[in-house]
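Here's the structure we're looking at; comments come further down.
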Amino acid sequence: VQLQASGGGLVQAGRSLRLSCAASESDFSIGDMGWYRQAPGKERALVATITRSGSTHYADSVKGRFTISRDSAKNTVALQMNSLKLEDTAVYSCYAIGRVVYWGQGTLVTVSS
């Protein structure tokens, strides 16, 4: 199973961006899905997770601004990012926990002033 992430790009602060991630094939054991990010010079950090039943968890820094969603039937996960800040600039990677942990290739989000 491969995860393909899309939707990154350059955006002005305060604007919105939506990231998507799709699995190349079905893995019916996939449970949690989510997103990590790694900002320049910083360690990778969890952004948001969503369980198969739809329970969500967010990093404090994105609560109220980001929304994670998924389509379990299609094994896709999305991250709606609103009110983007300069500090949201990072490479965002999606993941999915199935028989193993699957990772997407990462997509760059750059927030400019």
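In this chain, residues are counted from 1 in sequence order. All figures in this text were calculated on a predicted structure; none of them were measured in a lab.
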- Note on the structure: dist S72:OG -> M33:CE (nearest 0.5 Å) comes out at 8.0 Å
- Query: Any sub-3.5 Å donor-acceptor pair from T89's side-chain atoms to T110's backbone N or O?
  - Reply: no
- Query: Do side-chain atoms of R70 reach the backbone of S53 as a donor and acceptor pair under 3.5 angstrom?
  - Reply: no
- Item | Verify same cluster id: L10, Y92 (apolar side-chain graph, 4.5 Å) | no
- Check whether any side-chain N or O of R37 sits under 3.5 Å from a backbone N or O of V91 as a donor-acceptor pair, and report yes or no. no
- Message: Within this structure, what is the CD1-CZ distance for the pair I97 and R52, rounded to the nearest 0.5 Å?
- Response: 13.0 Å
- Test I68 against Y58 for side-chain contact (heavy atoms from CB on, under 4.5 Å), laying out the working first. CA-CA 9 Å; I68 189 170; Y58 297 93; 3.4 Å; yes
- State, with a plain yes or no, whether a side-chain heavy atom of L3 is found less than 4.5 Å away from one of W103. no
- Message: How long is the straight-line distance from OG of S61 back to CG of D88, given to the nearest 0.5 Å?
- Response: 7.0 Å
- At what distance, to the nearest 0.5 angstrom, does CG of L46 lie from CH2 of W35? 12.5 Å
- Query: If you round to the nearest 0.5 Å, how far is CD1 of I50 from OG of S69?
  - Reply: 6.5 Å
- Message: Looking at Y95, is its backbone amide N or carbonyl O close enough to the side chain of Y36 to form a donor-acceptor pair, meaning the two atoms are under 3.5 Å apart?
- Response: no
- Query: Q105 side chain to A5 main-chain N or O, any donor-acceptor pair under 3.5 Å?
  - Reply: yes
- Query: Between the side chains of T76 and D71, does any donor sit under 3.5 Å from an acceptor?
  - Reply: no
- Are K63 and D60 close enough, and set up right, to give a salt bridge (charged side-chain N to carboxylate O under 4.0 Å, His left out), and what steps lead you there? CA-CA 5 Å; K63 282 181 181 176; D60 288 343; 3.1 Å; yes
- Message: Return the CG to CZ distance between N82 and F66, rounded to the nearest 0.5 Å.
- Response: 8.5 Å
- Item | Within-4.5 Å side-chain heavy-atom neighbours: M81 and S16 | no
